[in-house]
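What you are looking at is a predicted structure, and each value in this text was computed from that prediction instead of being measured. Throughout, numbering of the chain's residues begins at 1 and tracks the sequence.
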Amino acid sequence: MSLKLVARRMAPLTRGGRAAKTIMMRPLVTHTGGLFLGDVFVKLPSTMPFPKHSRSHDHSCSYPANARAFSSLQTNNDAENGAYKNKPIRILFGSQGGTAQIFSMQLADALNDETSLEQVESMGLQEFNKDLPHALLSPEHLNVIICSVAGVGEPPDNAKQFYSWLMSDDAQGDDWNVVEYCVFGLGNKKAHPNHFNVIAKNIDARLQELGATRVQDIGLGDDSECIEDDFDVWQEEFLKTIKGELEESENETPVVEQESVTEIVETPSTTTNAAATSTSRLVSNKYPPLSLLPPETNVVREDLMDASFYQSGFEKLQVTDNRLLSVRSAEYGLRELVVDIPNGAYQAGDHFCLYPKNSHVVVEAYVNLLGVDPHTIIQESDQSGGNTKKYPHPTGITLFETLLHCVDLGAVPSPAFSRELLGRKDVDYKNDIANPRRTVLDLALEANRPISLEDLLYSLTPMQPRYYSIASSPLVHPSLVYLTYRPVKYVTTRGEIREGTCTTYMQNLGAGAHVVGSFKSNPSFRLPKDPQAPVLFMAGGCGIAAIRAFMEERLALAADSHVQFGEGMLYLGFRTPTDEVYRDMVNYAVDVGVLTDAQVSYTSGCVKPDQQCQLVSDTVRANGKKVWELMESGGYTYLCGGARTFGAAIEHEVICIIQEYGKMTEKEAIDYLRNLIKEGRFCEDLA
């Protein structure tokens, strides 16, 4: 049996065999208002097209304010942009946490949806080969580079080789004038003002210097504000460039109606006696249909080690302990997870990455939304109808396993997917979706509109590994890794309780459980080789993890090798005195000379005369002269904690200290700090 459900959709008028404009009406939706071209706000007609996909971190801004922000973040390069020459498009991503890769997938989707281009491909910058550089950065393609910034102004891991080559003399040549490109960067202006989007800016400037042709201004996404909307606006401009619509943005286009069909097809299920039966489900008209095979078992895999899902280097590791560090703390108190690593090797300052799993309760809610047997096995269909889009998850596993392991059900959907889920264009993304951290399930239940399995699985955010600073030293724990974490739990602006996907998963792990994890080297965050070099540690909350590792390492060296250390200062902050952890280790480090000064403060809750209720930034300001003298004497400074507030506040105080005691202007102080960062003497491990 096959039953057709008909929804209204507007088809593009074609001009010379290619799409001229794509006009959409309910249930598909468009942006509202208009956008900024340069410094001029252009009112768009109600039928103006919009990109269909776009997603990443957390915020959003309403249009024209966000459009202004996008416009203000363009480079000041006076070079005119070239015209797009109808080349195939290659999207190249440099990604550390997965957001740039997600953006590249969304742009590829939008190009396939909004244009008649037949050749759109997306690949990581790790595919770069220095012996054949233009095999990746191809003159036969329009090269779209989407790149984040990692660490203290470094390229993400998968882009390091490409970036190093591009900035070197090896990249010089006479063939750059045939290369076309554009760049979108991902950064955080508040957390990292001194190296905000520096990698994307440098790539754009270097390609201009070499003689390549830029077809669109660089876009600089800001995760401290609204990186989804930043990308959404930039993507819309890019699509208009590709479709040749920049000159026509104020013109109305006639609407030609056609029917877009979503079919209900039969799919296998199972009864209690395992006999195969048949049920119906929605099938997408946008993505290749998936084949669902009858269930083989109701047992759910605890991991996907045999399904080619995890990144290279990840392995199954056993948890040996998981405890609350302070029995007096509330339910969000700091915890310590210990993982056995029999075949691992790490250094103090490194990261441990692990793949979380979604809650079974949440997975079951999505299964109920789809109305598909959770234990049916997903395969790609041989009958794709010409749609060659690759399925983004492993095949041969069940629907339940896919939702449990492969997608992030706690992620906020993109602006475009949010509009599609709600079936309307008038969505205040920042206030109604991003800030309240609403999920796909929230929006689907609110709209009470059916959604197909394909639309859901192709659009959900892929699950990415989470990075945690290691809180132990291999000198003391060569076969164990200690992780200090805080369960994320909060009430949204809509009054709803939200829990972090990974920290909730970690909190529920008991001794004997297993995680899928791997080490991540962090070479820019190391103790000085000279133990006599002065050090300053500044940390807040979970930032204590990396500092604990350094203290443990210095204590081990002092005990085993009788190493004499130079000056060591610690400025540490917690929410309340009951939130404090590792006090015994700090006191012992002071007693044996590993630390010469340790000042611990609390945001609130001080009840004893010797407890300091102030921010760590206040402690830094009060000790400004000592901080300056340490920096001037060749010392090393380590900053650990949250990036958006803690890291930004500390950097601000450090710049003020450099101005005051170094008798410098603000610009000179910023340059001084940048030089410390380049020398590896101001080291950040910010989340």
Step-by-step side-chain contact (heavy atoms from CB on, under 4.5 Å) determination, Arg424 to Arg419 = CA-CA 6 Å; Arg424 66 176 195 267; Arg419 293 188 291 265; over 6 Å; no

Less than 6.0 Å separating the ring centroids of [X] and [Y]?
X      : Y      : answer
Tyr468 : Phe352 : no
Phe184 : Phe231 : yes
His360 : Phe400 : yes

Report yes or no: do [X] and [Y] form a side-chain donor-acceptor pair below 3.5 Å?
X      : Y      : answer
Ser104 : Ser122 : yes
Tyr287 : Ser452 : no
Tyr346 : Ser472 : yes
Ser469 : Asp685 : yes
Ser284 : Asp455 : yes
Asn322 : Tyr485 : yes
Asn431 : Asp428 : yes
Tyr582 : Glu552 : no

What closest approach, in Å, do [X] and [Y] show between heavy atoms, and which atom pair accounts for it?
X      : Y      : value
Val412 : Ile433 : CG1-CG2, 3.7 Å
Leu290 : Glu380 : CD2-CA, 4.4 Å
Pro415 : Asp232 : CB-OD2, 3.7 Å
Gly410 : Thr439 : O-CG2, 4.0 Å
Tyr366 : Leu403 : CB-CD1, 4.0 Å
Pro462 : Met105 : CG-CE, 4.2 Å

Taking [Y]'s backbone N and O only, do any of them form a donor-acceptor pair with [X]'s side chain (distance below 3.5 Å, no angle check)?
X      : Y      : value
Ser148 : Ala100 : no
Asp223 : Asn188 : no
Glu225 : Asp222 : no
Arg335 : Gly333 : no
Tyr505 : Ser359 : no
Asn508 : Thr504 : yes

Taking only Lys NZ, Arg NE, NH1 and NH2, and the carboxylate oxygens of Asp or Glu, determine whether [X] and [Y] approach each other closer than 4.0 Å.
X      : Y      : result
Asp579 : Arg486 : yes
Glu446 : Arg438 : yes
Asp408 : Lys357 : no
Arg575 : Glu580 : no
Asp303 : Lys316 : yes
Asp306 : Arg301 : yes

To the nearest 0.5 Å, tell me how far [X] [atom1] sits from [Y] [atom2].
X      : Y      : atom1 : atom2 : result
Leu483 : Met506 : CG    : CE    : 5.5 Å
Leu404 : Ile397 : CG    : CD1   : 9.5 Å
Leu457 : Leu370 : CG    : CG    : 7.0 Å
Leu354 : His514 : CG    : NE2   : 14.0 Å
Ile102 : Leu460 : CD1   : CG    : 11.0 Å
Ser326 : Arg583 : OG    : CZ    : 12.5 Å

Does some side-chain heavy atom of [Y] sit less than 4.5 Å from a side-chain heavy atom of [X]?
X      : Y      : value
Gln318 : Val339 : no
Ser518 : Glu315 : no
Met585 : Ile547 : no
Leu186 : Val149 : no
Val407 : Met463 : no
Thr576 : Thr603 : no
Leu456 : Glu454 : no
Thr395 : Ile377 : no

Within 6.0 Å of CD in Glu496, more than 12 heavy atoms from elsewhere |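 Yes.
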
Please indicate whether Tyr490 has more than 12 foreign heavy atoms, meaning atoms of other residues, nucleotides or ligands, lying under 6.0 Å from its OH.
->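 Correct, the count exceeds 12.
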
Apply the test side-chain contact (heavy atoms from CB on, under 4.5 Å) to residues Val372 and Leu292: give CA-CA distance (whole Å), side-chain angles for both, the deciding distance (0.1 Å), then the verdict.
-> CA-CA 9 Å; Val372 177; Leu292 300 185; 3.6 Å; yes

Audit row: Arg437, Asp442, salt bridge (charged side-chain N to carboxylate O under 4.0 Å, His left out) steps and yes/no = CA-CA 10 Å; Arg437 304 295 300 169; Asp442 292 333; over 6 Å; no

Output, in order, the C-alpha distance, side-chain angles, deciding distance and verdict of side-chain contact (heavy atoms from CB on, under 4.5 Å) for Lys286 and Glu420.
-> CA-CA 12 Å; Lys286 179 177 178 180; Glu420 291 185 16; 3.6 Å; yes

With Arg548 as the cation and Tyr482 as the aromatic partner, state whether NZ or CZ is under 6.0 Å from the six-membered ring centre and within 45° of the axis.
->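 Yes - Arg548 lies over the ring of Tyr482, closer than 6.0 Å to its centre and within 45° of its axis.
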
Going through the checks in order, is the side-chain contact (heavy atoms from CB on, under 4.5 Å) test met by Thr402 and Ile378?
-> CA-CA 9 Å; Thr402 302; Ile378 298 176; 3.8 Å; yes

Stepwise ring-ring contact (aromatic ring centres under 6.0 Å, His included) check, Phe93 with Phe103 = CA-CA 8 Å; Phe93 61 85; Phe103 278 0; over 10 Å; no

